[in-house]
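Naming: A, B, ... by sequence-line order, numbering from 1 per chain. Just so you know, these numbers use all the heavy atoms, side chains as well, and skip hydrogens, waters and symmetry mates.
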2 protein chains.
Amino acid sequence: MTAGEVDVAVETRLTSVEQRYTAKRRVLVEILRRSTRPLTMPEMLEQGDGLAQSSVYRNMVVLEQAGVVRRIVTGDEFARFELAEDLTGHHHHHLVCTSCGAVADFIVPQEIEDLLESALVGVAEAHEFAVDGHRLDLSGLCRRCR
Amino acid sequence: MTAGEVDVAVETRLTSVEQRYTAKRRVLVEILRRSTRPLTMPEMLEQGDGLAQSSVYRNMVVLEQAGVVRRIVTGDEFARFELAEDLTGHHHHHLVCTSCGAVADFIVPQEIEDLLESALVGVAEAHEFAVDGHRLDLSGLCRRCR
DNA sequence: ATTTATGCAAATCGTTTGCAAACCT
DNA sequence: AGGTTTGCAAACGATTTGCATAAAT
């Protein structure tokens, strides 16, 4: 999606939750849109000029509730944020380095995704669980740490 | 594995990291062995009679480093712990409730696991990443919350 | 006897929250 | 104006840590 298309979609989602698409929120969304991996709070603060830490945290809650961003919690010190997959169009997963905490994106062949998806549907039913997504992470050592 | 077999394996692993298999640690391992799902700190404190909170946290670090337990971090307030898979013999995944934080175990057909595993090997190589495990979670609403 | 584990209480630190000023409509 | 968002500083809470005592070898 182009920046413009993302903006329109974000605006729609925020509106549907009675929230405004403010200048600060635009900055945050744009920062995430440009990134090829989830970003930590310090990373977002560094790139967003003069944004207060508390505002970023608060806006992430709002954006998360509106379905605009996704929060990634690993064992690392910081949570990470990325744009929701349906805004980027790229279904992906994460490589998590157990040494430095770095998180990178990766994708698996569509064929595998489909098999997995169908297997998970059955599992969810058996457990009477209303699934709204799955998460597949690889953990290990990244190039720099190994 | 029986309680006895687990104990032997745990002792070996602790020894190899120059750690002792103390009474408190035995209690913690036994609590985890009996559970069919990962346990939070409050849950472990409740079941372990008179264990100090700090000791449990400290022992979890030791047991984790020895490869005896695995730490599960979700978006929930507490981390959760379970016995390492090679001590239970059951490779499994987690259903995570986004409302109450509950975590339940599930398994997927071996055939799917195998396909997934081989796909992930390729991904890891492409990213020059030294994989030591994968994590597949389903998120959604559990029976009680939906 | 010397090292290691434990309990208690205090410290840490990412994240959340209260409040007054700035902003939008 | 009336309500929302922002920045600052203080509060929160899960986890960690310092230190004195207890346990293990």
Side-chain angles (χ1 to χ4, degrees), chain A residues 7 10-11 13-31 38-66 68-81 96 100-103, chain B residues 7 10-11 13-31 38-66 68-81 96 100-103:
Chain A
D7 267 358
V10 170
E11 176 129 48
R13 293 182 196 195
L14 282 171
T15 304
S16 77
V17 199
E18 341 235 46
Q19 289 285 348
R20 298 174 185 167
Y21 195 15
T22 66
K24 312 283 181 170
R25 288 174 189 169
R26 283 174 197 277
V27 170
L28 291 170
V29 166
E30 181 57 16
I31 288 173
L39 298 177
T40 62
M41 193 59 41
E43 287 170 337
M44 301 185 74
L45 286 171
E46 213 172 281
Q47 293 182 48
D49 46 346
L51 278 150
Q53 189 184 49
S54 63
S55 295
V56 178
Y57 273 112
R58 264 192 281 236
N59 281 325
M60 282 302 131
V61 171
V62 170
L63 292 171
E64 190 183 11
Q65 286 173 345
V68 172
V69 308
R70 180 180 175 199
R71 180 189 303 256
I72 314 284
V73 180
T74 67
D76 198 31
E77 48 191 346
F78 298 103
R80 282 151 212 268
F81 297 89
V96 180
C100 70
V103 176
Chain B
D7 266 358
V10 170
E11 176 129 46
R13 293 183 195 195
L14 282 172
T15 304
S16 77
V17 198
E18 342 235 44
Q19 289 285 346
R20 299 171 184 168
Y21 195 16
T22 66
K24 312 282 180 170
R25 289 175 186 168
R26 282 174 197 276
V27 170
L28 291 171
V29 167
E30 182 57 15
I31 288 173
L39 298 177
T40 62
M41 194 58 42
E43 286 170 339
M44 301 185 74
L45 285 171
E46 212 171 282
Q47 293 181 47
D49 44 346
L51 279 149
Q53 190 184 52
S54 62
S55 296
V56 179
Y57 273 111
R58 263 192 281 235
N59 281 324
M60 281 303 129
V61 171
V62 170
L63 292 171
E64 191 182 11
Q65 287 174 343
V68 172
V69 307
R70 180 180 175 201
R71 179 189 303 257
I72 314 286
V73 179
T74 66
D76 198 29
E77 47 190 346
F78 297 105
R80 281 151 213 269
F81 298 89
V96 181
C100 70
V103 176

### Query
Could you give the CD-to-C1' distance, from B:Glu64 to D:dT16, as a whole number of Å?
14 Å
### Note, B:Arg71 side chain near B:Val61 side chain (heavy atom, < 4.5 Å)
yes
### Task
Would you please test B:Leu63 and B:Met60 for side-chain contact (heavy atoms from CB on, under 4.5 Å) and show each step?
CA-CA 5 Å; B:Leu63 292 171; B:Met60 281 303 129; 4.0 Å; yes
## Note on the structure
The residue among B:Asn59, B:Leu28, B:Leu51 that forms side chain to side chain contact (heavy atoms under 4.5 Å, CB included) with B:Met44 is B:Leu28
### Summary
Closest of D:dT5, D:dC8, D:dT15 to the A:Ser54 side chain is D:dC8
#### Entry: Any N/O donor-acceptor pair, A:Thr22 side-chain to C:dC23 base, under 3.5 Å
no
### Message
Using whole Å, what does the distance between atom P of nucleotide C:dT16 and atom CE of A:Met60 come to?
### Response
12 Å
### Query
Between C:dT6 and B:Asn59, is there an OP1 or OP2 to side-chain N/O distance shorter than 4.0 Å?
yes
### Message
Reading DNA chain D from 5' onward, which residue's closest nucleotide shows up sooner: B:Glu77 or B:Arg20?
### Response
B:Glu77
### Task
Measure from CG on A:Asp76 to P on C:dC13 and round the result to the nearest Å.
15 Å
### Task
Return the value, rounded to whole Å, for the distance between atom CD of A:Gln19 and atom C1' of C:dC24.
14 Å
#### Entry: Note, B:Val62 side chain near B:Leu14 side chain (heavy atom, < 4.5 Å)
yes
#### Entry: Proximal nucleotide (of D:dT6, D:dT16, C:dT6) relative to the A:Arg58 side chain
D:dT6
### Message
Over all strands shown, is A:Ala23 touching base, sugar-phosphate only, or nothing at heavy-atom distances under 4.0 angstrom?
### Response
nothing
### Nearest to side-chain heavy atoms of B:Gln53, which nucleotide of D:dT15, C:dT16, D:dT4
D:dT15
#### Entry: Length of the CG-P vector between A:Leu45 and D:dG7, whole Å
10 Å
### Task
Round to the nearest Å and state the distance from B:Glu18 atom CD to C:dT3 atom C1'.
13 Å
#### Entry: N or O in side chain of A:Tyr57 less than 4.0 angstrom from C:dT16 OP1/OP2
no
### Pair B:Glu11-B:Arg25, side-chain contact (heavy atoms from CB on, under 4.5 Å): steps then yes or no
CA-CA 10 Å; B:Glu11 176 129 46; B:Arg25 289 175 186 168; over 6 Å; no
### Message
If I take atom CZ in residue A:Arg26 and atom P in nucleotide D:dT5, what distance separates them, rounded to the nearest angstrom?
### Response
13 Å
### Task
Rounded off to whole Å, could you give me the NZ-to-C1' distance for the B:Lys24 and D:dA22 pair?
10 Å
